[in-house]
Structures are given as structure tokens and as C-alpha cells.
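Computed over heavy atoms, backbone and side chain alike; hydrogens, waters and symmetry mates excluded. Chain naming here is simple, since letters A, B, ... match the order of the sequence lines and numbering starts at 1 in each.
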There are 2 protein chains.
Amino acid sequence: MDIREVARTAGVSIATASRALNDRAEVSPATRQRVLEIAERLGYQPNISARTLVRRRSDTVGLLWDSAPIRRGRSQRFLQDLLVGTKMALDEAGLHLMLLSMRDQSRDAVARQARAHSLDGLILMGVDPHTAAIEPLIDSGVPTLAFDLELHGPAASWVGSDNRAAAASAVDHLADLGHRRIAMIGGPATMLPAQNRLLGFLERMRQRGLEVPPGYVLEGDFFQDSGAGAMRGLLALPERPTAVFAASDEMAIAAMGVALDAGLSVPEDVSIIGIDDLESASLVRPALTTLAQDHWALGRALVHCLAEIIERRRADPHGELPAQLPVLLPTRLVIRDSTGPAPR
Amino acid sequence: MDIREVARTAGVSIATASRALNDRAEVSPATRQRVLEIAERLGYQPNISARTLVRRRSDTVGLLWDSAPIRRGRSQRFLQDLLVGTKMALDEAGLHLMLLSMRDQSRDAVARQARAHSLDGLILMGVDPHTAAIEPLIDSGVPTLAFDLELHGPAASWVGSDNRAAAASAVDHLADLGHRRIAMIGGPATMLPAQNRLLGFLERMRQRGLEVPPGYVLEGDFFQDSGAGAMRGLLALPERPTAVFAASDEMAIAAMGVALDAGLSVPEDVSIIGIDDLESASLVRPALTTLAQDHWALGRALVHCLAEIIERRRADPHGELPAQLPVLLPTRLVIRDSTGPAPR
DNA sequence: TTGAAAGCGCTAACAA
DNA sequence: TTGTTAGCGCTTTCAA
């Protein structure tokens, strides 16, 4: 069932059938109508490969998601949520989604995959900023948008939550509750969100005149074990904090578990706040206070930017693109039961 | 940079270049070597659309995942895990993954998409068994494998956990701890896993001589709210159960929350066991005892079956396929802190 | 407004 | 072992 069959049945040429099917202007209403009806009746479905081959665009976006951490047993909940949000947004934009793998580790593997599949654009999530693959990708000029990864290039940009502001809100929330000894369990120093969360934390602590004693800032890796380990360190301190801000819900929940197991009450003895708003956050007892990242909004924002770059590229393949600014979305403070007034 | 360029540079015909690139036997080692080197040097990357068009296969599998529940705010953690497991397995099998959407609700939308993209196979997850789209899909003859959905056809089959055995294990575990008043919060009656979990529960209860009083079997929908609601019902019973088996971790965790909020101790007053082994299960306090579904193994099993059907199809496009049997994988009892000896 | 024809980049049948 | 050639199904000039 191809376009030839449709054309023959409708008694027109293939060219005309194509024009009608693609809603081109130069075809007469009557003809268009007839072709469309016949295509419908015959169950005609255009062959995407043929179309992509000749149009040199696929209406498909590739998504690169480094699954190595998951392979090592770390779950990356948040990225999974992000994936869902992004998929929805792509659906709305009429773009297909191809999941790419990072198995091929060669420098330009990604750019090559993009070319091979005639991908219109690329999305990066959970990709290490030091991956050698990024530079050739930027150079290739394929429209690319990343989550939480500073990407700058002629057709590249990035989207993320405003982590600095988020961390500041966390400090504000705790400080407003009367806490003065506030510790932070940070993320890996190489990652942008971790950097900004730390920055926002330190900044706001200073602004509010709160000290950060030695040992009060620990580096985790966003995953539970590191959160638990850090919390044990915090509890062993001669003067332990009355509140802890963890740079991920996963670490926050693990930290809370350690506190509970140590016989402390949360939030009576120690308040804990996370960031992400994973589903687990509302499931655990006490339910976790956290800064919610809106993965739907992030997905939409990303797809929006990407679609715009693609559109611009199409309109003028070699023109200058206006510099793309990163989009930073606000987080939302969700107060649950793991934070309360400072003890005494 | 196309195959013509490679051929010209190597001083051979396009056909020979193609043969060398595709590792065909009829090409001389010297020629092959030369072509490969030149392709490498030129950064040649075959155009997938062109290849798909002529070969009529794409080495790509489509994954259909009904995101409507997520759109309604239900998370489907387990499917997300399954997606990850499946993606890994596909990578290993050298298959690309295309995420399909169910936006187009017409009966044969899926089969059409499969044809349009020349997809080699299809994976269904979280798809309602009553969806009208399934029948035309089966009829279309596209190799299709589903999770937790009885699919039978010339090139279709399915994979899932052995839910009946899983439920039986749950009963055994609780009964071994001395529980006699065991209730169950089931899943939606239309869904296969829910049916089998209920069946396994009732069967094993009978086998062990345990009664199931009226009101002891409640129907939920796998999501948290229904678990909480059901638990409230159970606690309101004149003689409340000492143990509850919930047909999903999400319901189990919510049920546990209700019990805790009602001032009961878990597992001292009531034991709770779930099924899935979501990440949250190990995060909540008390940590949830559950029956773990191995999503990696499920993914691998599914991809294995699918690849086999695809292979067979290729070898003999119109031959009879041997009847595919569904693959049922065992679950694993993970004993944590939410189950304990029966009270008194 | 329509049709004829070229060609997107590749594979594979056939011939040499 | 290699080359010539005919398409795969579609879009898009160009001419009518």
C-alpha cells in the first residue's frame, strides 16, 4: 500500500497525490478531498524512511541518556520522571523520540548517530559534562538541548531548575523555623546542579548570618548510600546540626533513615529537607519536606527550546542563530513533616 | 559524505563498497580493508533511512507505553523500571528503540505506525487489554511482545512475573509467621497480573486451611490512594486482619501509612507485604517486605523472545512460527521490616 | 492545477 | 571478486 496505489485509485499522478497528502496549496480542493478519502479508505500510511530520505529530516529527536549508573544499580528516578515529561511534550510537538545508547564510546559517536538517523535534534540527560562526546556534538551543529548541563553552541542550549534559588529557599525555610546549625549533604562537585545547590546554600547562609562550621558540608553523589554515610558523619559531630539540607531526595530519605535508626526523632531532634520531590518523598514517614522540580515543565521548556532551534534552522539552514539563553525553572517548596521548629 | 564518496576514494564501485561495509563474504580481504580504512578516515556513516528503505527493516523496535495514567498523575514506577531493563537488553541485541505514542486512538494506529517506520518489532507495556488497537496489531503480523498482557498470535507472545506463585509466596510467608487473618488489597480486576495475584492468594489460603472472611478482599487500582482507602476499610472491620498482602508496593506503602497514622505498629499490630520491590520499598520505615519483580530479567526475556521471532520471520517470512509460550519469571521474597510474627 | 521525471543513499540481483 | 543496474517510496523541480 504505497502512494502509487493511492494515486492510481484516485486517478491522479503520484505527484498530485503527494501534494494532496502533504496539504500543499497547489492542489485543487476537489482533488485533495478525493485523494484524502481514498488514502483513508485504503489505510495508506506514508513510508517514513522514504520520506526522511528525500526530505533529509525525520521529525524525530534522539535522546541520549547515559544508563551506566543504572547498570551499576543506581536508579536515577528523577531522570526517569524527566524522560516521561519530555516524551509528553514531544508528543504534543509532533516529534518522534528515539532512545540512543552510549555504548559506542567514540568521540563523535553521538553526532554520527544523529546524522545516520537524520535526527532533527538531540536531547541530553544525565550526561557527564566531561564526556568527550559533547564537543564534537556541539561542533556538528545538530540542534541539541541538555538538562542540567551547561551547553553553549550555535544550536545548543540547556534547561534546568534554578538550583541556586532552590538551595536558598531550603535555607530560608529552615532558618525561619529557628534553625541555626544547618548542615548540607551536597552532590558530586563535577555536576552543575550540585555546584549551584552548594553555592545557593552557602550564599544564603552567609546572607542570613548563619555560620557553617567545619564538617557541616559533606559531599555525596545523589544516591542513597552516600546520603546515609554523610548523615552518620553529621551525627558523630561534637555539635551536631539541628537541620540538614540534602541535595537530593534520595540522600535526604536515606539520611532520615539513619537519624531514625539512631533513635532521633524527625523533625523534633533534627529537621531534614531534600530536593526533587520524588514519589518516595510523600510515601516515607515522616513525609519529606522538599523542593519540587517540575519535570513536566522542564520537559516542556526543553522541547519548546529545541523545537524553536529546529524551526529556525529549517527556515535558514546557515543563518546565525540568536544566542540561546538557558532556561531556569523555579522549584516549589513542599512542606511536609520532616521539618519543624529548631529544638529547645 | 556518502557511500559514493567512499567508493570513489577507494577506487571501487559503490556495490563493492557496500559489500565491504556490510561485511559480505564475496569481497577480497585487501579491498575490504581498504574500503573500511577509507570509510573510517572519511567519517562515513551510512544513512539509516536509505538502508531501511531498501532493506525493509530498520533494526528498530517500537515501544508502546500508554502514558495516559501518568498524565493523570499516576506514576507507574514499575513500568519505568521495566523500560530501563528493556532498553539495556535492546542495546545488547543491537536494536534501536523508538518510543511510540498512543495519541492517535484509531484502531489500527499502532500497526500503521509500525509499518510506517518499518519497525522490526513492537513492545507493549502498560497497555489495557481491552484496547481496540490490539486486535489489528496481532492481525498485522508484526512481531509483538507484551508485558503482563496475554497476547497470542502468529508472531506475538508475552512475558511477565509468575504472579500466582508470587501471591502464594506472600501467603506462605505470612502464614509461616503465624498469621491466620490475612487480607488482600487486589489490583484492578481487568488486569492480568491482578487476576493472577488474587487467584494465587485465594488458592494458597485454601490450601493452608485459612479462611477469607467477607470484606477481607478489597479491590484497588495499584495506585496509592486506593491502597490507603482499602486499608481504612480493613481497619474498620469488626475483626481486623493481622496481616495484609497488597498487590503492589505502592498500595502496600500507602496502606502502611494509614496503619501507622491510626496508631498501630507495623509489624507488631499488623504485618504488610507488597509486590514489585520499588525503590521506595527499601526507603520507607519500616522497610517494606515484598516480592521483587526482576525488571532486568523481564526486559532480557522479552527482548530475547522478540528477537527470536524477528529472526525466524526473516529466515522465512511466511512460514509457520512455532507457538510462542509466554515466559513467566519467578519473583523473589525480600524480607524487610514490615512483616513479623502474628500478634498474641 | 497537474504530470513526467529526477533523485534522496543505499542494497541486491544479475552479469561480467 | 567486481561492476552495472534496477529499484526501495517518497518529494520536488520543471514543464505543460
How close or far is atom [atom2] of [N] from atom [atom1] of [X], stated in whole angstroms?
{"X": "A:Arg4", "N": "C:dA4", "atom1": "CZ", "atom2": "P", "answer": "14 Å"}
{"X": "A:Arg56", "N": "C:dC10", "atom1": "CZ", "atom2": "P", "answer": "10 Å"}
{"X": "B:Asn47", "N": "D:dC10", "atom1": "CG", "atom2": "P", "answer": "16 Å"}
{"X": "A:Leu53", "N": "C:dA6", "atom1": "CG", "atom2": "P", "answer": "17 Å"}
{"X": "A:Glu26", "N": "C:dT1", "atom1": "CD", "atom2": "C1'", "answer": "9 Å"}

Q.
Over all strands shown, is A:Ser49 touching base, sugar-phosphate only, or nothing at heavy-atom distances under 4.0 angstrom?
A.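 Counting heavy atoms under 4.0 Å across all strands, no contact is made by A:Ser49.
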Q. Backbone N or O of A:Ile14 within a donor-acceptor pair of the A:Ser18 side chain at under 3.5 Å?
A.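 No, the answer is negative, given that no donor and acceptor are paired below the 3.5 Å cut-off.
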Q: State, without any angle test, whether A:Arg112 and B:Gln45 hold a side-chain donor-acceptor pair at a distance under 3.5 Å.
A: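 Yes, a side-chain donor-acceptor pair sits under 3.5 Å.
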Q.
Could you check whether any side-chain heavy atom of A:Leu149 comes within less than 4.5 Å of a side-chain heavy atom of A:Ile134, counting everything from C-beta outward?
A.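 Side-chain contact under 4.5 Å: yes.
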Q: With salt bridge (Lys or Arg N to Asp or Glu O under 4.0 Å) as the test, would you mind laying out the steps for A:Arg34 and A:Glu37 before giving the verdict?
A: CA-CA 5 Å; A:Arg34 186 154 36 93; A:Glu37 267 173 27; over 6 Å; no
Q) How does each nucleotide of nucleotides 11-16 of chain C score, in 5' to 3' order, for protein heavy atoms under 4.0 Å: base (B), sugar-phosphate only (S), or none (-)? A) BBB---
Q: Sequence neighbours left out, what passes salt bridge (charged side-chain N to carboxylate O under 4.0 Å, His left out) with A:Arg4? Give chain and number order.
A: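 Salt bridge (charged side-chain N to carboxylate O under 4.0 Å, His left out) list for A:Arg4, sorted by chain: A:Asp2.
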Q: Only counting residues at least two apart or in another chain, list the ones meeting side chain to side chain donor-acceptor pair (under 3.5 Å) with B:Asp120.
A: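 Once residues adjacent in sequence are excluded, the partners of B:Asp120 under the side chain to side chain donor-acceptor pair (under 3.5 Å) criterion are B:Arg314.
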Q.
What's the closest nucleotide to the side chain of B:Thr16 if the choices are D:dT2, D:dG9, C:dC10?
A.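 So the nucleotide nearest the side chain must be D:dT2.
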